[in-house]
Each structure stands twice: as structure tokens, then as C-alpha cells.
A.B. asks: 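Take a look at this one; I'll ask things after.
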Amino acid sequence: MKTETKHMFDNRQLLALLIPLIAEQLLNSLMGTADSMMVSNVGPEALSAVSLVDSINILVIQAFAALAAGGTIVCSHYVGMKRLEDARASAKQLLLVVMALSLGIMIFCLCALRPLLRLIFGSVDQGVMDAATVYFFWTALSFPAISLYNAGSAVFRAQENTRIPLAVATVSNALNIAGNAVLIWGLGMGVAGAAIATLASRVFSMVVILAVLRDRRRKLYVTGYRAIRPDGYKIRRILAMGIPNGIENSMFQFGKLVIQSTVSMMGTAAIAAHAMAAILENLNGVAGVACGIGLMTIVGECLGAGRKDEAVYYVKKIVVWGYGFLGISVALIWLAAGPITRLAGMTPESAAICRNLVDWISVFKPIFWVPAFIIPYGMRAAGDVRFSMITSTIIMWTARVTVAIYLARALGFGPIAVWIGMFIDWMIRSVVYSLRFYSRRWLRFSVL
């Protein structure tokens with residue numbers, strides 16, 4: 001740690017934290033993208049099925065990512081306070097909670113497989129529903145693996161180590177793509193092949209991250225997995241940070257599911273176009289998301305050390321960096337949109353709709369997205385999680401969902417209705433969170 005007369009993190013340390021995070025987020029996004037793009041050659045029904053099911057999978061995965069983020073916040077505060085034993089004990093409790101909850105959700109999804117899909121997506125084409133059922137079965141089996149991997153990665157991020165999760169993600173994605181090639185194209189297994197490859201790569205990620213986390217030479221490590229027992233206080237601290245984040249993420253993804261049900265009635269071409277646009281929008285935002293994830297560690301350590309002014313300084317700095325990273329990534333994805341739609345084998349109608357959506361995304365996202373999403377990461381790391389949860393939920397349902405459904409169902413706008421609602425959501429969030437940040441009310445909370 002630096003002395004009191006210097007900043008806690010210099011630019012070299014920040015880049016060492018953020019660049020592997022950006023690469024890891026990109027690789028994690030590419031896992032789902034690889035499934036969609038490689039299975040798109042099977043046909044539009046297969047692509048639509050993967051898109052629909054992934055909207056559920058993302059809902060579940062984001063909920064556990066939020067719990068992992070709660071673990072990052074708690075552990076990073078302990079690291080800033082130099083209470084490493086408490087940080088290690090909190091890491092154990094994080095893994096225990098995530099494992100128990102993910103197993104429960106996996107069992108529920110497997111038992112309610114087809115009824116759940118019918119409830120969410122209604123009367124989609126039978127071919128799409130059959131493919132979605134197969135894909136959902138195999139990917140639901142991977143929920144404990146991806147959840148434990150995320151929790152293990154969170155422990156590494158809390159000690160400023162983002163290189164190991166990147167290395168694991170790199171190998172995992174290579175395995176996923178190779179598995180897709182063999183199972184989808186070589187053996188002709190279609191969506192089942194894509195899902196099985198994803199399951200195998202996620203199990204690999206979980207096993208490796210938990211094995212590496214046992215290394216006692218690290219600042220934070222976890223040993224004796226079988227001997228872990230519940231610690232009520234530390235679990236409550238993690239859940240106090242993680243549950244509001246989980247509710248926020250889940251409501252956000254649930255709102256997207258409601259919108260997705262509207263898109264699913266627009267026809268296969270619209271579903272495929274919206275799916276690919278969503279994939280590209282996710283890709284152009286990974287650098288910004290990585291900045292936010294890294295900011296949680298930075299702010300957590302600053303506040304754990306009692307340095308509130310440093311926390312404010314780094315939020316401002318990472319926001320500026322976020323604008324730069326986001327601008328570059330949005331431009332690159334805009335340039336690549338045409339070749340990607342052709343590579344994915346999309347029909348001319350779907351490709352044209354997709355490129356139009358990407359054009360509009362590339363205008364609005366660089367302006368409004370950073371304050372709408374990076375600033376809240378810093379506030380959550382300070383313990384200001386309820387404000388973010390309530391604000392996000394209200395804006396999501398009153399702006400994004402309501403506008404999208406009205407424009408699509410009442411005025412017949414087509415897929416662009418979803419994105420108009422999203423743009424309005426971004427605009428409102430950017431104003432609300434900027435005002436909250438400059439009020440400094442977010443600094444009045446206590447994590448531990």
C-alpha cells in the first residue's frame with residue numbers, strides 16, 4: 001500500500017487491474033456469442049432458441065454474479081483494513097452460499113423445464129420451443145459451475161489479481177469453441193452440442209479456479225473446502241451487499257425477459273435480428289463493465305483504509321477511462337457489424353434489421369451509458385446498494401419496459417421499440433446516478 005501522501009493506486013496498477021478484466025469480460029461474453037454464431041448456421045430456429053434461453057440463463061448468472069460482487073466488496077474492505085484472516089473467512093462463506101443457492105436453482109429449472117419456457121415465451125414456433133428445451137436442459141446443469149467460478153474470480157479480484165481469472169477464461173473459451181466445432185459441425189448435434197460444450201467449459205473453469213485458489217502464497221486463499229461451515233455474521237455481510245445487487249440484476253434481466261416475450265411475437269427474422277444486436281451491444285460494453293467491476297475493488301480498499309476522498313477521486317478517474325474504452329469498443333463493433341452478420345449466416349432481412357439497430361446503439365451508448373452504469377459500481381462498493389436497487393428497478397419498469405411494450409404492441413414499431421426504451425432508461429439513469437454521486441450521500445454507508 002502507498003503512503004498517505006500518495007494515491008493508493010497509480011496508473012500502472014490500475015491498468016494491471018483493468019486490462020485483464022476487460023479481456024476476461026470479453027472472453028466470457030464470447031462464450032455465449034460463440035454458441036449463437038456457430039449454431040446460427042444450423043438455422044434461424046436454432047439461433048432463436050439459443051437467444052431465448054440465454055435471456056433466462058443471463059438472469060440466473062447475473063444474480064449469482066451479484067452475490068459474487070457482494071463478496072468482492074466485503075473482502076476488499078477487509079483487505080483495505082489489513083484484516084486478511086477475516087477476508088479469507090469471508091471468501092469461504094461466499095463459496096458456500098453460492099454453491100447452495102446455485103444447486104437449488106438448477107434443480108428447480110430442471111424440474112420446471114418446459115412449463116417455465118412456455119410461461120416466459122408463450123406460443124413461439126414449435127421448432128424453436130423444442131430446440132430451446134434441449135438447450136435449457138444442458139445449460140441449467142452448468143449453473144453451479146459458472147456460479148462457483150464467478151465466486152472464485154471475485155475472491156481474486158478482491159486481492160487485485162485479475163490475471164488468473166483471465167487465464168482460466170482464455171482456456172475455457174478455447175475449449176468451448178473447439179467443443180462447438182466438434183459437436184455442432186462434426187457430429188451434427190445442433191443446439192445440444194452448443195450447450196454441452198458450454199457445460200464442459202464451465203465445469204473446467206470451476207475446477208481450475210477453485211484449485212488455484214488453494215495456493216497459500218496468495219493474499220487471499222481458500223483451503224479445506226469440505227470443512228467450511230456457515231458463519232452467520234459474514235454470510236449476512238455478504239448477503240447485505242449481494243442481495244440488493246442480485247435483486248437489481250435480476251429485475252433488470254427479468255424486465256428484459258418481458259421485453260423478449262414481446263420480441264418473440266414479431267417473427268423469426270425479428271427475433272434473430274434482435275438477438276444479434278443484443279450480442280453486439282453486449283460486446284461493445286464489456287470494457288465499460290470491466291471498469292465498473294474493477295472500481296468495486298478500488299473503492300472497497302480505499303474505504304476499508306478510511307480514505308473517502310481517494311474513493312471519490314477514483315470513481316471520477318475510472319468514469320473518464322470508461323468513456324475512452326467504451327468509445328473505442330463501440331466504434332469497433334459498429335465497423336464489424338456487417339461482416340459479423342454475414343459470418344453468422346443471417347438472412348438479408350435479419351441482417352438489415354440488425355445493422356439498423358447497431359447504428360442507433362452506436363449513437364446513444366457512448367453518450368449516456370458510462371454514468372448510468374459505471375458510477376453505481378463505485379456506490380455499491382461503499383455500501384450504497386439499496387438506492388441503486390430501487391432506482392434501477394423503478395427506471396427499468398417505468399421507462400424501458402413500459403415504453404418498449406407500448407411502442408411495439410400499440411404502435412407496431414418492431415424491434416427498434418426495445419432499444420428506444422433502453423435509450424430512455426440510460427438517459428434517466430445517467431442523470432440520477434450523477435446527482436447521487438456528487439451529493440456524496442453514498443459515502444455515509446458502512447459495509448462492515
A.B. asks: Counting neighbours of CH2 on Trp397 that are heavy atoms of other residues, nucleotides or ligands and sit closer than 6.0 Å, is the number greater than 12?
C.D. replies: yes
A.B. asks: Of all residues at least two apart in sequence or in a different chain, which pass the side-chain contact (heavy atoms from CB on, under 4.5 Å) check with Ala417?
C.D. replies: Leu407, Ala408, Phe413
A.B. asks: Does His274 form a side chain to side chain contact (heavy atoms under 4.5 Å, CB included) with Trp419? I'd like the steps, not just the answer.
C.D. replies: CA-CA 9 Å; His274 174 74; Trp419 299 93; 3.4 Å; yes
A.B. asks: Okay, side chain of Tyr314, backbone of Cys302: is any donor-acceptor separation there less than 3.5 Å?
C.D. replies: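 No; zero donor-acceptor contacts below 3.5 Å.
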A.B. asks: Please tell me whether Ser392 and Arg429 have a donor and an acceptor in their side chains that are separated by less than 3.5 angstrom.
C.D. replies: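 Distance-only check passes for Ser392 and Arg429.
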A.B. asks: Mind telling me whether Trp321 and Phe325 have parallel, tilted or perpendicular rings, with 30° and 60° as the class edges?
C.D. replies: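 Rings of Phe325 and Trp321: perpendicular, over 60°.
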A.B. asks: Before you tell me yes or no, could you show the steps for Leu14 and Asn11 under side chain to side chain contact (heavy atoms under 4.5 Å, CB included), namely the whole-Å CA-CA distance, both residues' side-chain angles and the distance that decides it to 0.1 Å?
C.D. replies: CA-CA 5 Å; Leu14 292 177; Asn11 287 342; 4.2 Å; yes
A.B. asks: Using a 3.5 Å distance criterion without hydrogens, assess whether the side chain of His77 forms a donor-acceptor pair with backbone atoms of Ala87.
C.D. replies: no
A.B. asks: Can you say whether the rings of Phe373 and Trp369 are parallel (under 30°), tilted (30 to 60°) or perpendicular (over 60°)?
C.D. replies: parallel
A.B. asks: Inspect the surroundings of CZ in Phe108 and state if more than 12 heavy atoms from other residues, nucleotides or ligands are less than 6.0 Å away.
C.D. replies: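 12 or below, so no.
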A.B. asks: Can you sort out the partners of Asp384 under side-chain hydrogen bond (donor to acceptor under 3.5 Å, both in side chains), two or more places apart, ordered by chain and number?
C.D. replies: Arg436
A.B. asks: Can you list the steps and then say if Asp86 with Lys234 is a side chain to side chain contact (heavy atoms under 4.5 Å, CB included)?
C.D. replies: CA-CA 9 Å; Asp86 284 315; Lys234 288 184 170 59; 3.3 Å; yes
A.B. asks: Determine the sole option in Leu199, Leu101, Leu110, Asn57 for which the side chain to side chain contact (heavy atoms under 4.5 Å, CB included) test with Phe143 is passed.
C.D. replies: Asn57
A.B. asks: For atom CZ of Arg440, is the number of surrounding heavy atoms from other residues, nucleotides or ligands below 6.0 Å larger than 12?
C.D. replies: no
A.B. asks: List, one per line, each side-chain donor-acceptor pair under 3.5 Å for residues 441-448, sequence neighbours excluded.
C.D. replies:
{"unit_1": "Trp442", "atom_1": "NE1", "unit_2": "Phe437", "atom_2": "O", "d": "2.9"}
{"unit_1": "Ser446", "atom_1": "OG", "unit_2": "Leu448", "atom_2": "O", "d": "2.9"}

